[in-house]
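Please read the structure below before turning to the comments.
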There are 2 protein chains.
Amino acid sequence: MSQMLQIHDQLREMILSLDLGPGERLTERWLESRFEGSRTPIRAALVRLEGEELVRRDGRNWIVAPIDLGELAALAEFREPLETTAVRLACQRASEADLAAIEAMLDACQSGAPREEWHRVGTDFHVEIARLSGNPFIVKAIEGAMTRLSRARWLEVWTEPSREQAWAEHRRILGFIRKNEPDAAAREASEHIRDTRDRLLRSLTDDRRSLRARGFAVIGMR
Amino acid sequence: MSQMLQIHDQLREMILSLDLGPGERLTERWLESRFEGSRTPIRAALVRLEGEELVRRDGRNWIVAPIDLGELAALAEFREPLETTAVRLACQRASEADLAAIEAMLDACQSGAPREEWHRVGTDFHVEIARLSGNPFIVKAIEGAMTRLSRARWLEVWTEPSREQAWAEHRRILGFIRKNEPDAAAREASEHIRDTRDRLLRSLTDDRRSLRARGFAVIGMR
DNA sequence: CATCCTCTCTTGGTATCCCAAAATGCACTT
DNA sequence: AAGTGCATTTTGGGATACCAAGAGAGGATG
């Protein structure tokens, strides 16, 4: 694989895992030494990440995109029509094998599983459901939305009951698709997206001060 | 503005206006002489355009993204939930001034207007309506979808009645938003998107052979 | 001691250079 | 005449060189 793609993937991972704090400045020269490559592939990776809005220009400088809490409500508003459409289409188009694969994914996430696992599966569930719609534009939009949500979800303080509730909602959505009840599946999906939004907002607005203290640029939601 | 952005914009324009044929190969060296800049900014522009999926890798080469007629149906399926949501939100959030501005835009497109004008307004209408939703994610998604549709719309053979019908549908959507009738507006928007899809598909599948003859890579829709 | 100016150093933007790999074309074979 | 193998050319990937602009330190001046 080309060096540029390696750098892109590593840098992306560092950003999404909060190894690089939101708002942090990235100098091309630092990245150069960090990844032991020259500036050419590094700049290509940065331009690419800029397209994914994980990195941004600040004047002439590069910075890690700040987390914008103001986005969270808009993101839920965006996901709702798309995911309800996705589950409806999934009812028509998904095979039993597809659904079983997703159920297995949920099952694999036992209560003892590490935090990374819960985080990943909680994202992948929505992307995989979108994939069942068979519509690549819906898939890409949901991928983008979940990526945008990803860092905020690391910061969320997960309580056991809230996590359980989210998982129960996932299972209900899947169940209604399986029973081929598109209206019920869509209703569940809507509720789940709103519940998740509320949980995130409640958790993050409380902790915003402490996030700032960690040096993270967290904007919006005055 | 940086040279890279200039090159990006110019190249983007050339692609969207079909100055560069879909599927055409782009060598960095040719672009270098064409834009009288060195390869560094040109490569940055190409990486950027790759993110917008207007340019793509073919092995080690760069090519202008082919037009994929198979996308057209999926694109309509994607737009429908988003735009119906957008018009509903517009009913709640748009000011009279916003609506008047859009109406003025439609009015400015008289029957004698040049083809470019019709093409541009036909795209902008949808983007501006999306903007009234106040949701930046919806706006960007619609922008992307209309961009993806743009080249196919140049190839469409426009008949006077079909164009009139599209404009009448635009006006009806706007009218229902104005009268604050979200359900009616959403229904109109759905119908309009489907009608447009059907018109496009009918026109393009017929003419596919002639497009290929012009050297355009047009794939999908066996 | 505060302020302003200047000089330096670092940064990103651009041009150019080198290299390996892939394509091209040509000659030679059958 | 068609096919095959080798030499040459061209291409994109990466590294480096150079530059102008901006930030920051340090010194001169009030």
Side-chain angles (χ1 to χ4, degrees), chain A residues 1-16 19-67 212 215-217 219, chain B residues 1-16 19-67 212 215-217 219:
Chain A
M1 184 173 44
S2 79
Q3 197 177 347
M4 175 239 132
L5 288 181
Q6 284 181 40
I7 294 173
H8 169 270
D9 290 351
Q10 284 183 46
L11 195 47
R12 187 175 198 280
E13 205 45 51
M14 290 170 74
I15 292 171
L16 289 180
D19 275 352
L20 293 171
E24 187 167 332
R25 177 163 179 207
L26 298 173
T27 71
E28 295 183 356
R29 258 87 180 189
W30 178 79
L31 294 165
E32 193 173 14
S33 66
R34 174 68 181 69
F35 293 108
E36 292 168 9
S38 81
R39 289 169 61 207
T40 311
I42 281 165
R43 298 193 51 164
L46 285 169
V47 171
R48 206 156 212 263
L49 288 165
E50 190 189 18
E52 303 174 44
E53 292 182 277
L54 291 177
V55 137
R56 150 187 328 177
R57 309 309 297 259
D58 176 33
R60 238 172 42 135
N61 302 323
W62 296 99
I63 61 170
V64 177
I67 293 181
R212 291 260 175 104
F216 290 171
I219 63 180
Chain B
M1 183 173 44
S2 79
Q3 198 177 345
M4 175 236 133
L5 289 181
Q6 284 182 40
I7 294 172
H8 168 271
D9 290 350
Q10 284 183 46
L11 196 47
R12 186 174 199 279
E13 206 44 51
M14 290 171 74
I15 292 171
L16 289 179
D19 275 352
L20 294 171
E24 188 168 331
R25 179 167 178 201
L26 299 172
T27 71
E28 295 183 358
R29 258 90 181 186
W30 179 78
L31 293 166
E32 192 173 15
S33 65
R34 174 67 181 72
F35 293 109
E36 292 169 11
S38 81
R39 288 169 63 207
T40 311
I42 281 165
R43 288 174 58 175
L46 286 169
V47 171
R48 204 158 216 261
L49 288 166
E50 190 189 16
E52 304 173 42
E53 293 184 275
L54 291 177
V55 137
R56 149 184 329 176
R57 310 309 297 260
D58 176 34
R60 237 171 44 133
N61 303 322
W62 296 101
I63 60 170
V64 176
I67 293 179
R212 292 260 174 103
F216 291 170
I219 63 181

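Below, all heavy atoms of this structure are taken into account, side chains as well, without hydrogens, waters or symmetry copies. Chain A is the first sequence line, chain B the second, and so forth, proteins listed ahead of strands; every chain is numbered from 1.
- Contacts of B/Thr40 classified as side-chain contact (heavy atoms from CB on, under 4.5 Å), with partners at least two apart in sequence or in another chain: B/Ser38.
- Going from atom CD of B/Gln6 over to atom C1' of C/dT14 covers 13 Å, rounded to whole Å.
- Within residues 49-64 of chain B, the residues having any heavy atom closer than 4.0 Å to DNA chain D are, in order of number, B/Arg57, B/Arg60.
- Across the protein-nucleic acid pair, B/Leu31 atom CG and C/dT14 atom P stand 15 Å apart, rounded to whole Å.
- Put simply, CD1 on B/Ile7 is 12 Å from C1' on C/dG13, counting in whole angstrom units.
- Remark: B/Arg57 CZ to B/Ile63 CD1 distance equals 10.5 Å, nearest 0.5 Å.
- Take A/Asp9 and apply the side-chain contact (heavy atoms from CB on, under 4.5 Å) test, not counting sequence neighbours, and it matches A/Met1.
- B/Trp62 does not carry B/Arg56 over the face of its six-membered ring by the limits of under 6.0 Å from the centre and within 45° of the normal.
- Contact annotation for B/Leu26: backbone-only contact, meaning every heavy-atom pair under 4.0 Å involves sugar-phosphate atoms and none involves a base.
- Atoms CG (B/Leu5) and P (C/dG12) sit 16 Å apart, rounded to a whole Å.
- In this view, A/Arg60 satisfies the side-chain contact (heavy atoms from CB on, under 4.5 Å) rule with no residue, not counting sequence neighbours.
- Between A/Glu28 atom CD and D/dA15 atom P there is a gap of 14 Å when expressed in whole angstrom units.
- How far CE of B/Met4 is from CZ of B/Arg43: 13.5 Å, rounded to the nearest 0.5 Å.
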Do any N or O atoms of the protein come closer than 3.5 Å to N or O atoms of nucleotides 16-19 of chain C, and which pairs are they?
none

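- With values rounded to the nearest 0.5 angstrom, A/Met14 atom CE is found 4.5 Å from A/Arg34 atom CZ.
- Of the residues listed (B/Asp19, B/Leu11, B/Leu20), the one engaging B/Val64 in a side chain to side chain contact (heavy atoms under 4.5 Å, CB included) is B/Leu20, and it is the only one.
- Under 4.0 angstrom from either OP1 or OP2 of C/dG13 there lies at least one side-chain N or O belonging to A/Arg43.
- When each of B/Arg25 and A/Glu36 is assigned the nucleotide of DNA chain D with its nearest heavy atom, B/Arg25 is the one assigned upstream, toward the 5' end.
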Sequence neighbours left out, cut at 3.5 Å: what donor-acceptor pairs do the side chains of residues 47-55 of chain B make with other protein atoms?
residue, atom, partner, partner atom, Å
B/Glu52, OE1, B/Arg12, NE, 2.8
B/Glu52, OE2, B/His8, NE2, 2.5
B/Glu53, OE1, A/Lys140, NZ, 2.5
B/Glu53, OE2, A/Lys140, NZ, 3.2

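- Atom CD of A/Gln3 and atom P of C/dA20 are 15 Å apart (whole Å).
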